[in-house]
Novice: 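Before we start, here is the structure in question, set down as structure tokens.
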Amino acid sequence: MCGMNQSDWPASVNGRPVPYGLSIDSLSEIAVGPAPERWLAFYAIGRIGTKLARAILSAFATDRDSDVRRIAIEVLGRFPPDAEIDMLLF
């Protein structure tokens with residue numbers, strides 16, 4: 001986990017519930033789909049907080065689409081300080 005309590009993560013984003021109970025594989029499939037579901041998946045992936053979760057979000061943080069980058073970076077900003085993430089954020 002990211003060093004944050006699960007309660008520190010939003011239950012919903014823009015009025016839609018975040019699918020925290022899904023596997024990282026399922027969330028990854030949603031994350032490449034259409035908005036707004038993909039934004040919800042970003043938050044759920046972030047709360048998983050593993051190296052794989054960070055890698056997935058880091059890949060989205062360099063996407064050509066500015067909305068994808070913004071949400072990925074927003075979620076990565078919730079992680080504890082990390083040199084790899086800091087390179088993406090600054």
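Computation of the quantities below employed the complete heavy-atom set of this structure, encompassing side-chain atoms and omitting hydrogens, waters and symmetry-equivalent molecules. Residue numbers start at 1 and run along the sequence shown. A quick note: this is a predicted structure, and the numbers were derived from the prediction, not measured.
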Novice: Minimum heavy-atom separation for Ala72 to Ala61, with atom names?
Specialist: CB-N, 3.6 Å
Novice: Which heavy atom in Pro19 sits nearest to a heavy atom in Leu40, and how many Å separate them?
Specialist: CD-CB, 3.7 Å
Novice: So, taking the atom named CZ in Phe60 and the one named CG in Asp65, what distance separates them when rounded to the nearest 0.5 Å?
Specialist: 10.5 Å
Novice: Which atom pair, heavy atoms only, marks the closest approach of Ile45 to Ala53?
Specialist: O-CB, 3.3 Å
Novice: Does the side chain to side chain contact (heavy atoms under 4.5 Å, CB included) test come out yes or no for Arg16 and Glu37, once each step is laid out?
Specialist: CA-CA 9 Å; Arg16 299 180 61 114; Glu37 290 80 14; 3.0 Å; yes
Novice: When you compare the side chain of Val75 with that of Trp39, does any pair of heavy atoms fall below 4.5 Å?
Specialist: no
Novice: Which atom pair, heavy atoms only, marks the closest approach of Leu76 to Arg54?
Specialist: CD2-O, 4.2 Å
Novice: What I'd like to find out is whether the side chain of Glu74 reaches to under 4.5 Å of the side chain of Phe42, using heavy atoms alone.
Specialist: no
Novice: Could you list the donor-acceptor pairs under 3.5 angstrom formed by side chains in residues 22-35, with sequence neighbours left out?
Specialist:
{"unit_1": "Ser23", "atom_1": "OG", "unit_2": "Ser26", "atom_2": "N", "d": "3.1"}
{"unit_1": "Ser23", "atom_1": "OG", "unit_2": "Ser26", "atom_2": "OG", "d": "3.2"}
{"unit_1": "Ser28", "atom_1": "OG", "unit_2": "Ile24", "atom_2": "O", "d": "2.8"}

Novice: Within the side chain of Arg78, is there an N or O that forms a donor-acceptor pair under 3.5 Å with the backbone of Asp8?
Specialist: yes
Novice: Can you see which heavy atom on Tyr43 is nearest to which on Tyr20, and at what distance?
Specialist: O-CE2, 3.8 Å
Novice: Could you go through Phe79 and Leu57, starting from their C-alpha distance and side-chain angles, then the distance that decides it, and tell me whether this counts as side chain to side chain contact (heavy atoms under 4.5 Å, CB included)?
Specialist: CA-CA 11 Å; Phe79 281 70; Leu57 291 169; 3.9 Å; yes
